[in-house]
Number of protein chains: 2
Amino acid sequence: MRLSDFPHIRELHLFKSMREDNFATLSQAAYLQTFPEQVQLITEGDRADFLFVVIEGCVELFATANGREATLAMVHPIGTFILAAVLKDAVNLMSARTTKKSRVLMIPAQDIRTAFETDEGFARALVVELADCYRSTIKEHKNLKLRTAVERLANRLLKYHADQGAHGRISLPHDKRTLAALLGMTPENLSRAFATLRQFGVHVDGATIELTDIKGLTGLAKPTPLIDDRTT
Amino acid sequence: MRLSDFPHIRELHLFKSMREDNFATLSQAAYLQTFPEQVQLITEGDRADFLFVVIEGCVELFATANGREATLAMVHPIGTFILAAVLKDAVNLMSARTTKKSRVLMIPAQDIRTAFETDEGFARALVVELADCYRSTIKEHKNLKLRTAVERLANRLLKYHADQGAHGRISLPHDKRTLAALLGMTPENLSRAFATLRQFGVHVDGATIELTDIKGLTGLAKPTPLIDDRTT
DNA sequence: CGCGAGCTTGAGCCCCATCAACGGGAGTGG
DNA sequence: CCACTCCCGTTGATGGGGCTCAAGCTCGCG
């Protein structure tokens with residue numbers, strides 16, 4: 001892997017407090033690879049052989065059963081996935097595919113586990129990382145159980161709006177069928193949800209959305225830090 | 001707290017590898033308390049002041065928003081809850097209430113965090129515990145998104161059946177309105193789901209259920225270790 | 001015997017999935 | 001430059017799963 005990528009990784013909360021020698025070992029064992037879009041990186045049920053770190057691009061985590069498929073999360077740079085499975089030396093509960101051309105760092109699972117056992121700083125960082133992941137999924141669970149599809153969309157738009165500078169205009173980070181899957185609905189229903197939100201100042205033009213009634217939209221969405229805040 | 005309760009707690013995976021002195025400190029700071037049923041122990045949004053350990057009875061974790069309520073999990077002995085919030089010194093994402101008379105151990109959050117920072121063995125145990133919690137919620141998420149209400153009930157019955165010795169007869173561990181909430185449906189709908197399952201050999205008599213067609217029920221439920229196994 | 005809580009059953013409705021058709025933009029090849 | 005095709009997104013019609021509201025039922029208990 002290229003040394004030029006080390007600084008970013010090293011600065012990750014997960015690796016920041018790791019001992020230098022352990023990090024060096026990990027670096028040497030890791031693979032940095034570039035994938036085109038729509039490549040499936042892992043399959044649920046398979047043993048977790050690598051910890052993945054998304055350096056560039058975007059990865060979709062999803063699961064399948066009974067002929068149905070559900071998107072569980074999108075991983076953006078710099079983010080990791082299947083950490084829990086790697087630590088437990090267990091099978092993946094989710095599958096993963098790229099949604100765009102992506103650069104991904106793959107760290108052999110055994111090296112992660114060794115570092116966990118020998119590096120106290122790393123073990124502590126893992127606690128924090130896992131706690132964050134855990135709380136994120138709880139929020140997502142609440143989002144799904146306590147809100148309708150239109151409410152989920154409204155909150156998601158407000159989140160994008162805040163992320164992108166709150167200038168009244170946002171651009172969707174995913175195509176609409178992916179966004180629909182992420183929100184737990186069909187593409188058709190997403191269209192209708194957008195139509196419903198028109199009366200709340202949501203105007204769609206392709207991947208660009210204009211928000212002209214933030215107050216009204218917020219009133220509908222009723223965002224709460226207990227679901228929507230990234231880090232609480 | 002009573003010394004007689006120590007052995008059970010000490011044997012918990014979470015505390016097993018903790019240093020003796022740290023465990024002693026924790027024990028002295030902890031409160032063992034008994035609550036009647038339907039007592040709310042914590043409220044979402046409040047700061048997490050204690051780590052809770054259910055010694056006896058049962059605790060329901062739930063969340064509220066927009067006038068809706070959703071049950072997220074049931075905690076049975078011996079189980080912990082709001083560990084992640086305690087570690088992060090954050091607010092609770094869930095509320096908790098007893099569903100029956102319960103004995104609960106309450107360990108001050110600050111003591112847990114201190115132990116985390118000073119006790120390497122405890123930190124490692126936390127990683128495993130959090131990874132388990134994390135994977136459990138992912139499974140629950142998949143259960144909800146990938147299955148219909150009837151399928152969720154069928155799988156739940158099969159799980160109880162296995163837990164209780166697979167003798168073709170099970171007794172429901174919760175009353176039906178709680179079970180309905182746990183499965184993400186209304187009590188009315190649970191009734192109808194049971195009626196639907198009659199043709200698959202599910203015969204209801206109060207809290208006792210007789211299963212006369214395990215094979216057929218399994219065919220409908222299509223259980224998978226990637227959702228239903230407690231520890232994979 | 002009367003009462004209330006928990007459970008069941010029924011009717012109606014809403015949200016959302018499904019199926020089908022259509023429109024438009026991008027890419028391709030003539 | 002245009003015709004063709006394919007894919008994405010939209011729109012409409014229909015249906016089903018599940019919720020709501022309301023009534024009836026059963027059983028335990030006073």
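To find a chain, count down the sequence lines: A is the first, B the second, and so on, and within it residues start at 1. Values reported hereafter were calculated over all heavy atoms of this structure, with side chains retained and with hydrogens, waters and symmetry mates removed.
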> Any side-chain to backbone donor/acceptor pair from B:R97 onto B:Q38? Under 3.5 Å, distance only.
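Not a single qualifying donor-acceptor pair exists.
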> In whole Å, I'd like the distance from the CD atom of B:E37 to the P atom of C:dG6.
10 Å
> Is a donor on one side and an acceptor on the other found under 3.5 Å between the side chain of A:T80 and the backbone of A:V53?
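Between the backbone of A:V53 and the side chain of A:T80 there is no qualifying donor-acceptor contact (under 3.5 Å).
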> At a heavy-atom distance below 4.0 Å, what parts of residues 191-199 of chain B sit against DNA chain C?
B:S191, B:R192
> For A:S102 and A:K100, indicate whether the former's side chain and the latter's backbone hold a donor-acceptor pair under 3.5 Å.
yes
> According to the Watson-Crick and G-U wobble definition with distances under 3.5 Å, which dot-bracket string, read 5' to 3', encodes DNA chain D, using [ ] for crossing pairs and | for pairs with another strand?
||||||||||||||||||||||||||||||
> Under 3.5 Å, side chain of A:S171 to main-chain N/O of A:T208, donor-acceptor pair present?
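Here the side-chain-to-backbone pair does not exist.
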> With a 4.5 Å cut-off on side-chain heavy atoms, are B:L179 and B:L183 touching?
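With C-beta onward as the side chain, the pair touches.
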> Would you say the side chain of A:E188 and the base of C:dC19 hold a donor-acceptor pair, judged only by whether the two atoms sit under 3.5 Å apart?
yes
> Output yes when a side-chain donor or acceptor of A:E151 lies under 3.5 Å from a complementary backbone atom of A:T148, and no otherwise.
yes
> Just how far, in rounded Å, is P of C:dC15 from CZ of B:R68?
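Distance, rounded to whole Å: 10 Å.
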> Given atom CD of A:E151 and atom C1' of C:dC15, what is their separation to the nearest angstrom?
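Distance, rounded to whole Å: 12 Å.
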> Scan nucleotides 25-30 of chain D nucleotide by nucleotide, 5' to 3', and note B when protein non-hydrogen atoms come under 4.0 Å of the base, S if they reach only the sugar-phosphate, - if neither.
------
> Which residue in the set A:I42, A:N92, A:D89 passes side chain to side chain contact (heavy atoms under 4.5 Å, CB included) when paired with A:R47?
A:D89
> Within this structure, what is the CZ-to-P distance between B:R177 and D:dC19, rounded to whole angstrom?
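Those two atoms, CZ and P, are 13 Å apart.
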> Give a yes or no on whether the backbone of B:N189 and the side-chain of B:T186 come within a donor-acceptor separation of less than 3.5 Å.
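Yes: the side chain of B:T186 pairs with the backbone of B:N189.
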> Which class fits the ring pair A:F81 and A:F52: parallel under 30°, tilted 30 to 60°, perpendicular over 60°?
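The arrangement is parallel - the two ring planes meet at less than 30°.
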> Separation of B:D205 atom CG from C:dT8 atom P, in whole Å?
11 Å
> Expressed in angstrom and rounded to an integer, what is the separation of A:L183 atom CG from C:dA17 atom P?
11 Å
> Tell me the interatomic distance from A:R147, atom CZ, to D:dC19, atom P, rounded to whole angstroms.
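Answer to the nearest Å: 19 Å.
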> Would you indicate, yes or no, if D:dG17 has its OP1 or OP2 atom less than 4.0 angstrom from a side-chain nitrogen or oxygen of B:T148?
no
> So which of B:L93, B:I138, B:L144 actually passes side chain to side chain contact (heavy atoms under 4.5 Å, CB included) with A:H141?
B:L144
> Report the distance from atom CG of B:N189 to atom P of D:dC21, rounded to the nearest whole Å.
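Rounding to the nearest Å, CG of B:N189 and P of D:dC21 are 15 Å apart.
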> Is there side-chain contact between A:H76 and A:C58, with at least one heavy-atom pair below 4.5 Å?
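Yes. Closest side-chain heavy atoms under 4.5 Å.
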